[in-house]
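Below: one structure, written as structure tokens.
Quick caveat: nothing in here was measured; it's all calculated off a predicted structure.
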Amino acid sequence: MANDDLVVGLDLGTTKVCVVVGERNARGILEITGVGESPSTGIRKGVVVNIEATIKAIVEAIEAAEMMSGREVSACWTGIGGNHIEGINSRGVVAIAGQKRENREISKEDMGRVIEAARAVVIPLDRQIIQTIPQSYIVDDHRGIKDPLGMIGVRLESEVHIITSSATSAENLLRCVNRAGFKATNSLLLLQVLAAGRAVLTPEEQDLGVALIDLGGGTTDVLVYYDGAPYSTFTIPVGGVEVTKDISTIKSVSVEVAEKIKTESACCWEALLENAEDILVPGMGGRPPMAIPRSHIYAIVKPRMEEIFDLVKQKLDCLGLPRPLSGGIVITGGGAMLAGAVELAGEIFKMPVRMGVPIHFANLGGLVDEYRSPGYATAIGLALEGFKRETEELIEHEPLRPLLLPKRNSPNVFSRIGSWIKDGLF
């Protein structure tokens, strides 16, 4: 079955693999028609540690999404994240190609050359560039230009944010996708937290300055937008798995039971404990079930969540931004669904905090209830980014259509109005 109209986002996480299947409808809008997920045991902090387990998780998640959408998937836009990701800012400069002053109009070729100049940074042999995001351009001495196409100038500079990753980690992720029987579209890997930002951040927040905190299972990935462009990306090597392990170790329950307690009953904000009932936990090894006060779980969970937010705050404080992040903090990912996470983050960062959920401004339709969750933010963002790139490619290669001009002898609207007035008055 042809599936040129399909756009699939594949989010490979430490605790689960998420997939969304989108279709381009008759109005040219992306509609989500299928979602799927499966437990992930082959990835740790963004790095493949078990290829066969990762392949199995990919196949199960995509098959679940295929069954819901009724379509067959062959290719997907794949994300990458983890502790091996690094972001750096760079600058490039080129001369405008035209020889004469009237010909020094900035073209797409000039913009491509200046981006390549900015990409010419020295990185270790074991690392590779996975994405280059333009921040702004400088035409001669005029700064803060977002799109210089068509402007006249002598010198063009670009400020860019470059995302690098471990070369072997990226290669292993691509290998897992290919061996699962699918193709990573254009053989590209997209930064997961950047994709999540596309799904949950508004343009106003990006212009004001905002920090997106993606609370994943193995890591916490952070993306800082400033003046409408990515300014910094970094990763904290602590995530929701540590919260689960803390509950498991202190309360002597299995990891599976601890995960269920965390997702269904845990909180990290004391006000939510009012009138809270005890948690009934099944006993291990034939022991009878035991009741655990929710206050005990709160005392375990809150310190770990405070640690994560404190580590992020320390990194943000070291950025030295010219002005505060007026757009505040947005938290997303599976960890954002922990009760009280928004309130605790607000107390630590001392600025407005909201939960990042793929919502209406992302211009999506389809199975809204299924993907309206922070856990699907990255997969939705990957599909949106893929949809944007494929649409741009279609427009670029579509032949120009002749303009439908009126016949020379056809009367225009003004002559018609004149006739009506003449007929009515005389």
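The salt bridge (charged side-chain N to carboxylate O under 4.0 Å, His left out) pairs that include a residue from residues 207-220 number zero, where partners must be two or more places apart or lie in different chains. Here side-chain hydrogen bond (donor to acceptor under 3.5 Å, both in side chains) pairs that include residues 258-268, with residues two or more places apart or in two chains, are T244-E259, T244-K262, E259-K262. Applying the side-chain hydrogen bond (donor to acceptor under 3.5 Å, both in side chains) definition to pairs two or more places apart or across chains, none involves residues 327-353.
For R143, there are no side chain to side chain donor-acceptor pair (under 3.5 Å) partners two or more places apart in sequence or in a different chain. Every residue was checked against the side chain to side chain donor-acceptor pair (under 3.5 Å) condition with Q314, not counting sequence neighbours, and none meets it. Taking D317 as the reference, K313 meet the side chain to side chain donor-acceptor pair (under 3.5 Å) condition, with sequence neighbours excluded.
Considering every non-hydrogen atom in both S165 and I85, the closest pair reads CB-CD1, 3.5 Å. P303 and Y298 get closest at one heavy-atom pair: CD-O, 4.1 Å. Between V48 and C176 the shortest heavy-atom distance is CG1-SG, 4.0 Å. For the pair A118 and S158, the tightest heavy-atom approach, listed with the atom from each and the gap, is CB-OG, 3.7 Å. Closest approach of M111 to D147, counting heavy atoms only: CE-OD1, 3.9 Å. Across every non-hydrogen atom of A341 and A336, the tightest pair is CB-O, 4.1 Å.
Side-chain contact between H142 and I138 is absent, with no heavy atoms from C-beta onward closer than 4.5 Å. Looking at heavy atoms from C-beta onward, D278 lies out of side-chain contact with R294 at the 4.5 angstrom threshold. Inter-residue side-chain proximity for V281 and K251 is flagged as unmet; no heavy-atom pair is nearer than 4.5 Å. Side-chain contact between T78 and L174 is absent, with no heavy-atom pair separated by less than 4.5 Å. Between Y226 and P322 there is a side-chain heavy-atom pair separated by less than 4.5 Å. Annotation: side chain of V301 is in contact with side chain of L338 (closest heavy-atom distance under 4.5 Å). F349 places a side-chain heavy atom less than 4.5 Å from the side chain of I213. You'll find the side chain of F387 stays beyond 4.5 Å of the side chain of L382, heavy atoms only.
A salt bridge does not link R304 to E242: none of the charged nitrogens lies less than 4.0 Å from a carboxylate oxygen. In summary, E116 and R113 do not engage in a salt bridge, as defined by a charged side-chain N under 4.0 Å from a carboxylate O. A salt bridge does not link K56 to E52: none of the charged side-chain nitrogens sits closer than 4.0 Å to a carboxylate oxygen. Using a 4.0 Å cut-off between charged nitrogen and carboxylate oxygen, D141 and R155 count as a salt-bridge pair. By the 4.0 Å N-to-carboxylate-O rule, R71 lies close enough to D5 to be salt-bridged with it. The pair K302-E270 does not count as a salt bridge, with every side-chain nitrogen at least 4.0 angstrom from each carboxylate oxygen.
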Are E393 and R389 close enough, and set up right, to give a salt bridge (Lys or Arg N to Asp or Glu O under 4.0 Å), and what steps lead you there? CA-CA 6 Å; E393 189 173 343; R389 295 191 183 201; over 6 Å; no
side-chain contact (heavy atoms from CB on, under 4.5 Å) between V342 and R354, worked out: CA-CA 6 Å; V342 171; R354 73 170 179 88; 5.7 Å; no
Hey, mind stepping through S107 and D110 against side-chain hydrogen bond (donor to acceptor under 3.5 Å, both in side chains) and telling me if it holds? CA-CA 5 Å; S107 64; D110 294 321; 3.2 Å; yes
Show your working on side-chain contact (heavy atoms from CB on, under 4.5 Å) between L194 and T233 and close with a plain yes or no. CA-CA 9 Å; L194 195 64; T233 51; 5.9 Å; no
Criterion side-chain contact (heavy atoms from CB on, under 4.5 Å) on L189 and W77, from CA distance to verdict: CA-CA 7 Å; L189 291 173; W77 292 88; over 6 Å; no
Full working for side-chain contact (heavy atoms from CB on, under 4.5 Å) between I236 and K315: CA-CA 9 Å; I236 305 297; K315 288 272 193 177; 4.1 Å; yes
Decide yes or no on side-chain hydrogen bond (donor to acceptor under 3.5 Å, both in side chains) for T378 and Q192, but give the supporting numbers first. CA-CA 6 Å; T378 297; Q192 289 174 339; 5.8 Å; no
CA sep, side-chain torsions, deciding dist, call: Y376, E37, side-chain hydrogen bond (donor to acceptor under 3.5 Å, both in side chains): CA-CA 10 Å; Y376 275 102; E37 63 179 63; 3.1 Å; yes
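A donor-acceptor pair shorter than 3.5 Å can be found between the side chains of R24 and T391. For the residue pair T33 / E31, no side-chain donor-acceptor distance below 3.5 Å is found, with atom types taken as modelled. Side chains of T219 and N83: no donor on one and acceptor on the other come within 3.5 Å.
Distance alone, capped at 3.5 Å, places no donor-acceptor pair between the D227 side chain and the L208 backbone. In this structure a side-chain-to-backbone donor-acceptor pair under 3.5 Å is present from S38 to A57. A donor-acceptor pair under 3.5 Å links the side-chain atoms of T220 to the main chain of V238, judged by distance alone. Using modelled atom types, no side-chain atom of T235 and backbone atom of D221 make a donor-acceptor pair closer than 3.5 Å. Under the 3.5 Å distance criterion, the side-chain polar atoms of S248 are matched with a main-chain donor or acceptor of V253. With hydrogens and angles disregarded, no donor-acceptor distance shorter than 3.5 Å links the side chain of E385 to the backbone of R198. Judged by distance alone, the side chain of E205 and the main-chain N or O of T202 form a donor-acceptor pair under 3.5 Å. A donor-acceptor pair is defined here as one N or O able to donate and one able to accept, closer than 3.5 Å; no such pair exists between the side chain of N186 and the backbone of L188. No donor-acceptor pair closer than 3.5 Å links the side chain of E23 to the backbone N or O of L30. Using modelled atom types, no side-chain atom of S166 and backbone atom of H84 make a donor-acceptor pair closer than 3.5 Å.
With values rounded to the nearest 0.5 angstrom, Q206 atom CD is found 8.5 Å from L223 atom CG. To the nearest 0.5 Å, atoms CD1 (I58) and CZ (F182) are separated by 8.5 Å. Note that CD1 of I300 and SG of C268 are 13.5 Å apart. Values are rounded to the nearest 0.5 Å. In this structure, the separation between OG1 on T249 and CG on D246 is 6.5 Å, given to the nearest 0.5 Å. Remark: F309 CZ to L316 CG distance equals 11.5 Å, nearest 0.5 Å.
Remark: R44 CZ is loosely packed, at most 12 non-hydrogen atoms of other residues, nucleotides or ligands lying under 6.0 Å away. With a 6.0 Å radius and a threshold of 12 heavy atoms from other residues, nucleotides or ligands, K245 has its NZ atom at or below the threshold.
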